[in-house]
Amino acid sequence: MSKTPQAIRGTQDIFGPDAEAFAFVVETFERVRKLYRFRRVEMPVFEKTEVFARSIGETTDIVSKEMYSFEDRGGESLTLRPEFTAGIARAYLSNGWQQHAPVKLATHGPLFRYERPQKGRYRQFHQIDAEIIGAGEPQADVELLAMADQIIRELGIDGVTLHLNTLGDGDSREAWRAALVEHFRAVKDELSEDSQERLEKNPLRILDSKDRRDQRFVADAPKIDQFLSDDARAFFDAVTSGLDAAGVKWTRAESLVRGLDYYRHTAFEFIPDEGSEAAGKLGSQSTILGGGRYDGLMESLGGAPTPAVGWAAGIERLAMLVGEKRWPSIDDFPIAVVPIGASAEETAQYISSRLRRGGFSVEMAFRGNVKKRMQKANSANAMIALIFGDSELDQGIVKMKDLESGVETEILLPNIPDDIVGYLVEKVEAKKAASL
RNA sequence: GCGAUCGUAGCUCAGUUGGUUAGAGCGCCGGUUUGUGGUACCGGAGGUCGCGGGUUCGAACCCCGUCGAUCGCCCCA
């Protein structure tokens with residue numbers, strides 16, 4: 001193209017309805033997270049590379065080929081965060097947050113992964129994230145999942161189900177993994193090329209392969225349930241019965257595994273139901289929220305053994321699913337202020353400012369002739385316009401036009417906030433009632 | 001890293017087997033009562049057809065390369 005610089009591949013400039021949906025996801029998250037008493041935490045977007053390399057696992061794709069790493073001027077290797085959990089764990093250890101344990105943390109922001117962009121996947125993407133650190137009880141898992149469920153529900157997203165599995169404790173997981181390797185190695189030549197790779201690198205992943213050649217052998221593969229210790233089984237039972245009590249719908253997904261090394265016990269993903277509207281909107285990216293328990297992570301960063309559980313969800317993916325069934329709110333209908341003439345424009349600033357300080361959104365039309373200003377009022381979605389020039393101001397009034405009915409009434413200047421606001425609130429309430 | 005499709009006005013796209021000044025809708029600006037919008041009518045601005053090279057008398061159209069986008073595989077939110 002020309003000399004104008006382009007945005008970097010896999011990054012996006014979000015504007016308009018997409019940006020509104022994005023903000024709606026974040027606002028909903030912030031509101032619900034307070035109901036569950038999760039505390040807000042802010043962290044750097046970059047860390048020493050070892051923070052991610054050691055915790056996520058050297059052999060995972062994220063660490064081996066998807067990190068944005070660079071050397072700073074001191075020659076130290078730094079990395080833009082590819083996920084939240086590792087950085088939160090590091091912050092927990094560096095700041096001695098053990099003193100707050102068990103601590104419930106929530107954050108959101110940008111993450112970076114050097115991947116091929118496609119629908120619902122970007123190189124800079126955004127997540128909301130929730131973690132409970134220092135709690136080994138299954139009740140922590142339940143509360144965390146209940147919050148996830150409520151957020152999705154309050155976003156108006158339907159047709160999404162919680163898929164739940166357990167990976168057992170460390171020993172259970174290792175025994176299961178060994179049995180899986182043995183099972184698949186016997187038929188290695190008949191597996192897909194990808195799965196032959198996975199056999200060495202990440203055998204659990206063969207279980208959710210999309211390749212038909214693999215699926216034949218997945219059905220009779222060893223199940224985690226055969227390897228669960230009594231404790232691990234009791235833990236999982238407590239999680240599932242807790243979810244039932246909390247009214248969170250879930251389904252068992254025996255072959256659900258998570259990619260990263262640090263997961264133990266509970267693993268879960270919220271996935272659109274097959275054939276649902278949500279599934280169609282997401283393309284081949286199916287998971288909108290995923291997480292699990294990571295009891296081993298703190299040790300990999302040199303901390304004391306610390307149980308923890310958490311999840312993260314892609315804001316862009318959630319935003320794609322947000323419905324338009326939001327009730328009309330008073331902010332959707334600004335008051336249009338339409339001054340005519342220079343002295344009226346000054347008064348318009350005064351009136352606008354009073355209305356805004358009173359909590360009402362105001363669109364002030366200050367360009368072009370009256371016709372242009374009225375067009376502006378209309379395209380701003382205003383329901384009422386305040387129109388006034390010298391002749392009105394001399395009389396100490398403004399004209400209030402109902403833009404739906406076209407009816408104009410006169411308002412005395414001193415009555416401006418109250419009369420207008422009362423009129424507008426009434427109209428919005430009527431709209432709300434009509435939309436129910 | 002691999003594969004497929006695609007790149008024409010701000011946006012969505014049309015452009016017949018290569019043929020002369022490249023079109024439409026929407027949006028934008030202006031006008032149809034210079035103090036009144038949503039509908040309608042009129043006018044206008046805006047494109048070296050992603051970029052570079054090649055074939056040809058002639059390329060938006062064919063070929064090669066390159067950059068970018070989209071979708072899928074891997075992986076993942």
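Worth knowing before you read on, the calculation uses all heavy atoms, side chains too, and leaves out hydrogens, waters and symmetry mates.
- Picking from B/G35, B/C71, B/G37 the nucleotide with the shortest atom distance to the side chain of A/Leu403 gives B/G37.
- The gap from the P atom of B/C13 to that of B/C6 amounts to 14 Å, rounded to the nearest Å.
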(message) In dot-bracket form, 5' to 3', how is RNA chain B paired? Count Watson-Crick and G-U wobble pairs only if both distances fall under 3.5 Å, and write | where the partner sits on another strand.
(response) (((((((..((((.....[...)))).(((((.......))))).....(((((..]....))))))))))))....
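- Listed pair A/Arg116 / B/C71 fails the phosphate criterion, with no side-chain N or O lying under 4.0 Å from OP1 or OP2.
- Cation-pi geometry between A/Arg123 and A/Tyr114 is met: the NZ or CZ atom falls under 6.0 Å from the ring centre, inside 45° of the normal.
- Spacing of P atoms, B/A24 relative to B/C42, comes out at 13 Å, to the nearest Å.
- Applying the ring-ring contact (aromatic ring centres under 6.0 Å, His included) criterion to A/Tyr36, with sequence neighbours excluded, gives no partner residue.
- Sequence neighbours left out, not one pair with a member in residues 406-415 of chain A passes salt bridge (charged side-chain N to carboxylate O under 4.0 Å, His left out).
- Judged by atom type and distance alone, A/Arg113 reaches the base of B/A77 through a side-chain donor-acceptor pair under 3.5 Å.
- Nearest-nucleotide positions on RNA chain B place A/Ala7 closer to the 5' end than the other of A/Ala7 and A/Arg317.
- A/Arg198 comes within contact range of the sugar-phosphate backbone alone, with a heavy-atom separation under 4.0 Å but no base atom that close.
- Looking at A/Lys371, its side chain has no donor and acceptor atom pair within 3.5 Å of the base of B/U36.
- Comparing the C1' positions of B/A60 and B/A4 gives a spacing of 23 Å, expressed to the nearest Å.
- Remark: side-chain polar atoms of A/Gln150 are not paired, donor with acceptor, to backbone N or O of A/Arg153 under 3.5 angstrom.
- Nucleic acid contact class of A/Gly120 (heavy atoms, under 4.0 Å, all strands): base.
- With RNA chain B read from its 5' end, the first of the two nearest nucleotides for A/Ser405 and A/Leu282 is the one closest to A/Ser405.
- Using a 4.0 Å heavy-atom criterion, one finds that A/Lys119 contacts the sugar-phosphate atoms exclusively.
- With both ends at atom P, the span from B/C11 to B/U70 equals 14 Å, rounded to whole Å.
- No donor-acceptor contact under 3.5 Å links the side chain of A/Glu404 to the base of B/G37.
- Residue A/Ser379 is out of contact with every strand shown, counting any heavy-atom pair closer than 4.0 Å.
- Using a 4.0 Å heavy-atom distance criterion, A/Lys376 is classed as making no nucleic acid contact.
- Of the P atoms belonging to B/C29 and B/U21, the separation is 32 Å, rounded to the nearest Å.
- With distances taken from any side-chain atom of A/Glu392 to the nucleotides B/C74, B/G35, B/U36, the minimum falls on B/G35.
- At a threshold of 4.0 angstrom between heavy atoms, the contacts of A/Glu269 with the nucleic acid are absent.
- B/G58 and B/G44: their P atoms are spaced 35 Å apart (whole Å).
- Put simply, the side chain of A/Arg40 never gets that close to the backbone of A/Glu30: no donor and acceptor are under 3.5 Å apart.
- A gap of 29 Å separates the C1' atoms of B/A77 and B/G7, to the nearest Å.
- Heavy atoms of A/Ile288 sit under 4.0 angstrom from primed sugar atoms or phosphate atoms, though from no base atom.
- Separating the C1' atom of B/A22 from that of B/G15 is a span of 8 Å, rounded to the nearest Å.
- Centroid-to-centroid, the aromatic rings of A/His265 and A/Tyr294 stay 6.0 Å apart or farther.
- If you check every strand for non-hydrogen atoms under 4.0 Å, A/Glu316 touches nothing.
- Nucleic acid contact for A/Gln375: sugar-phosphate only, since backbone atoms but no base atoms lie under 4.0 Å from a heavy atom of the residue.
- At whole-Å resolution of the value, CZ in A/Phe52 and P in B/C76 are 17 Å apart.
- Residue A/Lys65 is classed as having no contact, given no heavy-atom separation below 4.0 Å to the nucleic acid.
- At least one donor-acceptor pair closer than 3.5 Å links the side chain of A/Thr107 to the backbone N or O of A/Val41.
- For A/Asn378 and B/G38, a side-chain-to-base donor-acceptor distance below 3.5 Å is absent, hydrogens and geometry of angles not being considered.
- Of the candidates B/C71, B/C76, B/C75, B/C75 carries the atom nearest the A/Glu115 side chain, counting heavy atoms from C-beta on.
- Heavy atoms of A/Gln12 sit nowhere under 4.0 angstrom from any nucleic acid atom.
- In terms of phosphate contacts, A/Arg9 brings a side-chain nitrogen or oxygen within less than 4.0 Å of OP1 or OP2 of B/A69.
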(message) Let's go through A/His108 and A/Phe84 carefully: what are the C-alpha distance in whole Å and the side-chain angles of both, what is the deciding distance for ring-ring contact (aromatic ring centres under 6.0 Å, His included) to 0.1 Å, and is it a yes or a no?
(response) CA-CA 8 Å; A/His108 66 82; A/Phe84 277 117; 8.3 Å; no
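- Of the side-chain N and O atoms in A/Gln127, none sit less than 4.0 angstrom from OP1 or OP2 of B/A77.
- Picking from B/G37, B/G31, B/C75 the nucleotide with the shortest atom distance to the side chain of A/Asn369 gives B/G31.
- A/Glu316 CD to A/Ile14 CD1: the interatomic distance, rounded to the nearest 0.5 Å, is 5.5 Å.
- Of the N and O atoms on the side chains of A/Thr85 and A/Glu131, at least one donor lies less than 3.5 Å from an acceptor on the other residue.
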